[in-house]
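Single-structure report; data block below.
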Amino acid sequence: MRIARFSIDGNVGFGVLEDEEIDVIKGHPFAEFERSGQKVPLDKVRLLPPTLPNKVVAIGRNYAEHARELGNEVPADPFTFFKPSTSVVGNGDPVVYPTFSQEVHHEAELAVVIGRMCREVPRERVRDVILGYTCANDITARDVQQREKQWARAKGFDTSCPLGPWIETDLDPSDLAIMCTVNGEQRQLGRTSQMVRSVEDLIVHITEAMTLLPGDVVLTGTPAGVGPLAVGDEVAVTIEGIGTLTNKVVKRD
């Protein structure tokens with residue numbers, strides 16, 4: 001099932017996407033819901049970020065080749081950091097190039113959307129707490145990341161976390177192709193099977209320390225091939241079984 005969050009005529013809602021139409025649902029997808037039977041064409045709506053997370057928990061250096069390309073080792077334990085809710089934008093929204101950076105990079109990632117409140121999740125129950133998966137781009141001010149010990153500004157600036165275009169609920173995340181293009185040119189190409197630690201490993205590790213809430217997002221790391229973005233670039237993240245998330249880089253007004 002593909003679940004989209006959208007706006008039309010000033011109204012915001014969730015719906016199930018089928019055959020280029022959205023069947024509007026009653027309520028929200030983080031609880032039992034019913035389809036309303038009211039359908040709107042996909043090309044008549046504006047797609048919004050598919051979730052508004054309380055927090056985005058991201059994992060660094062979870063692909064060995066990516067760790068090496070930046071001169072890093074794979075950490076002994078998962079390397080976690082946060083991106084604030086204010087960093088989240090949706091498919092088609094602009095990524096605003098931060099004024100405090102001269103080197104901004106793309107990072108294509110599989111994003112996990114949490115479906116229910118959970119803490120200390122045992123490995124065998126991880127799938128029960130996941131609503132589904134979407135595409136993400138962990139936009140990073142690389143020069144700021146390299147000179148500041150904390151990654152809050154480098155990874156958390158406004159518009160640095162595009163998510164979308166929708167949530168795919170029926171998906172095995174263990175071996176999916178993940179690609180990033182810039183202006184149609186391939187930059188990153190990998191598979192989620194290359195992750196050092198699986199989705200299950202990451203959820204277990206994170207929830208040992210904190211409660212995840214419905215709608216929260218876990219970013220699972222990026223494959224090798226990260227590189228710079230410039231104002232005017234169109235960057236797209238495509239993940240097998242989900243779709244394509246596309247954003248354009250713009251200059252701050």
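Treat the numbers as computed from the prediction; the structure is a model and nothing was measured. Reckoned from all heavy atoms, side chains included, excluding hydrogens, waters and symmetry mates. Positions are given from 1, in the same order as the sequence printed here.
Across all non-hydrogen atoms, the minimal contact from Asp23 to Lys39 is OD2-CE, 3.9 Å. Scanning both residues, Asn247 and Gly90, for their nearest heavy atoms gives ND2-O, 2.9 Å. Closest approach of Gly15 and Ile22 over heavy atoms only: CA-CG2, 3.5 Å. Closest heavy-atom contact between Lys26 and Phe33: O-CB, 3.5 Å. Val96 and Phe157 get closest at one heavy-atom pair: O-CE1, 4.0 Å. Residue Cys135 comes nearest to Pro165 through the heavy atom pair SG-CD, 4.5 Å, listed as atom of the first residue, atom of the second, then distance.
Using a cut-off of 4.0 Å between Lys/Arg side-chain N and Asp/Glu carboxylate O, Glu21 and Lys44 are scored as not salt-bridged. A salt bridge is defined here as a Lys NZ or Arg NE, NH1 or NH2 lying under 4.0 Å from an Asp or Glu carboxylate O, and Asp158 with Arg252 fails to meet this definition. One finds a salt bridge joining Asp201 and Arg123 here, because a Lys/Arg side-chain nitrogen approaches an Asp/Glu carboxylate oxygen to under 4.0 Å. Under 4.0 Å is where a charged nitrogen must lie from a carboxylate oxygen, and between Arg142 and Glu107 at least one such pair does. A salt bridge links Glu240 with Arg191: the closest approach of a Lys/Arg side-chain nitrogen to an acidic carboxylate oxygen falls below 4.0 angstrom.
Using a 4.5 Å heavy-atom cutoff, the side chains of Leu245 and Leu163 are not in contact. Side-chain contact between Val56 and Pro84: absent, with no pair of heavy atoms (C-beta onward) separated by less than 4.5 Å. Counting heavy atoms from C-beta on, the side chains of Val217 and Leu219 come closer than 4.5 Å. Looking at Thr192 and Tyr133, their side chains never come closer than 4.5 Å, going by heavy atoms from C-beta outward. Within the 4.5 Å cutoff, side-chain heavy atoms of Leu202 are placed close to those of Pro78. With a 4.5 Å cut-off on side-chain heavy atoms, Asn72 and Arg68 do not count as touching. Contact of the Asp170 side chain with the Arg2 side chain is not registered, since no non-hydrogen atoms from C-beta on lie closer than 4.5 Å. Side-chain contact check for Arg197 versus Val74: some heavy-atom pair is nearer than 4.5 Å.
Hydrophobic clustering (side-chain heavy atoms under 4.5 Å, transitive across Ile, Leu, Val, Met, Phe, Trp, Tyr) keeps Ile167 apart from Leu17. Tracing side-chain contacts under 4.5 Å through hydrophobic residues (I, L, V, M, F, W, Y), one reaches Leu176 starting from Ile203; they form part of the same cluster. Cluster annotation: Val112 is connected to Met210 through the hydrophobic network of ILVMFWY side chains, with a link wherever side-chain heavy atoms come within less than 4.5 Å. Tracing side-chain contacts under 4.5 Å through hydrophobic residues (I, L, V, M, F, W, Y), one never reaches Tyr63 starting from Phe79; they form parts of separate clusters. Using a 4.5 Å cut-off between side-chain heavy atoms of Ile, Leu, Val, Met, Phe, Trp and Tyr, with links allowed through other members, Ile3 and Leu171 fall into different hydrophobic clusters.
Partners of Glu18 by side-chain hydrogen bond (donor to acceptor under 3.5 Å, both in side chains), not counting sequence neighbours, listed by chain and number: Arg35. With sequence neighbours left out, the side chain to side chain contact (heavy atoms under 4.5 Å, CB included) criterion links Phe30 to Phe14, His28, Thr51, Val113, Leu131, Pro214.
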*Apply side chain to side chain contact (heavy atoms under 4.5 Å, CB included) to the pair Leu47 and Leu42, showing each step before the final yes or no.*
CA-CA 8 Å; Leu47 289 175; Leu42 179 60; 4.0 Å; yes

*I would like to know whether Val129 and Leu212 meet side chain to side chain contact (heavy atoms under 4.5 Å, CB included); could you show each step before the answer?*
CA-CA 9 Å; Val129 306; Leu212 293 176; over 6 Å; no

*May I have the step-by-step check of side chain to side chain contact (heavy atoms under 4.5 Å, CB included) for Met195 and Thr220, ending in yes or no?*
CA-CA 8 Å; Met195 291 194 297; Thr220 58; 3.6 Å; yes

*Stepwise, does the ring pair (Phe, Tyr, Trp, His ring centres under 6.0 Å) test hold for Phe6 with Trp166?*
CA-CA 9 Å; Phe6 66 93; Trp166 41 67; over 10 Å; no

_Between Thr181 and Thr238, does the side chain to side chain contact (heavy atoms under 4.5 Å, CB included) criterion hold? Intermediate values first, please._
CA-CA 8 Å; Thr181 63; Thr238 301; over 6 Å; no

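Under the 3.5 Å distance criterion, the side-chain polar atoms of Asp143 are left unmatched by any main-chain donor or acceptor of Ser101. Looking only at distances, a side-chain donor or acceptor of Lys83 sits under 3.5 Å from a matching main-chain atom of Ser160. Using a distance-only test at 3.5 Å, with no hydrogens or angles considered, a donor-acceptor pair links the side chain of Thr207 to the main chain of Val121. With hydrogens and angles ignored, the 3.5 Å screen pairs a side-chain donor or acceptor of Thr169 with a backbone N or O of Met1. Listed for the Thr134 side chain is a donor-acceptor partner under 3.5 Å among the backbone atoms of Gly164. Counting only distance, with no hydrogens or angles, the side chain of Asp172 and the backbone of Ser174 share a donor-acceptor pair below 3.5 Å. Looking at Asp216, its side chain never comes within 3.5 Å of a backbone N or O of Pro53 through a donor-acceptor pair.
Distance check: Cys161 SG to Glu109 CD gives 8.5 Å after rounding to the nearest 0.5 Å. Put simply, CD1 on Ile114 and CG on Asn54 are 12.0 Å apart, with the number rounded to the nearest 0.5 Å. The line from OG1 of Thr99 to NZ of Lys251 is 10.5 Å long, rounded to the nearest 0.5 Å.
Arg187 and His106 share a side-chain donor-acceptor pair at under 3.5 Å. One side chain, Thr140 or Lys155, offers a donor N or O that lies under 3.5 Å from an acceptor on the other.
Within a 6.0 Å sphere centred on CD of Glu124, other residues, nucleotides and ligands contribute more than 12 heavy atoms. When the shell of 6.0 Å around CZ of Arg119 is examined, it contains more than 12 heavy atoms from other residues, nucleotides or ligands. Crowding of Glu65 atom CD: a count of heavy atoms from other residues, nucleotides or ligands under 6.0 Å not exceeding 12. The 12-atom threshold is exceeded at CZ of Arg127, counting heavy atoms of other residues, nucleotides or ligands nearer than 6.0 Å. For Glu208, the CD atom is densely surrounded, since the number of other residues' heavy atoms within 6.0 Å is greater than 12. No more than 12 heavy atoms of other residues, nucleotides or ligands shown are found within 6.0 angstrom of CE on Met117. Within a 6.0 Å sphere centred on NZ of Lys248, heavy atoms belonging to other residues, nucleotides or ligands number 12 at most.
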Do any side-chain atoms of residues 221-237 form donor-acceptor pairs under 3.5 angstrom with protein atoms, and if so which ones, sequence neighbours left out?
{"unit_1": "Thr222", "atom_1": "OG1", "unit_2": "Ala108", "atom_2": "N", "d": "3.2"}
{"unit_1": "Thr222", "atom_1": "OG1", "unit_2": "Ala108", "atom_2": "O", "d": "2.8"}
{"unit_1": "Thr222", "atom_1": "OG1", "unit_2": "Gln188", "atom_2": "NE2", "d": "2.8"}
{"unit_1": "Asp233", "atom_1": "OD1", "unit_2": "Asn183", "atom_2": "ND2", "d": "2.9"}
{"unit_1": "Asp233", "atom_1": "OD2", "unit_2": "Ala230", "atom_2": "N", "d": "2.8"}

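Both cation-pi conditions hold for Arg153 and Phe100: the charged atom is under 6.0 angstrom from the six-membered ring centre and inside a 45 degree cone around its axis.
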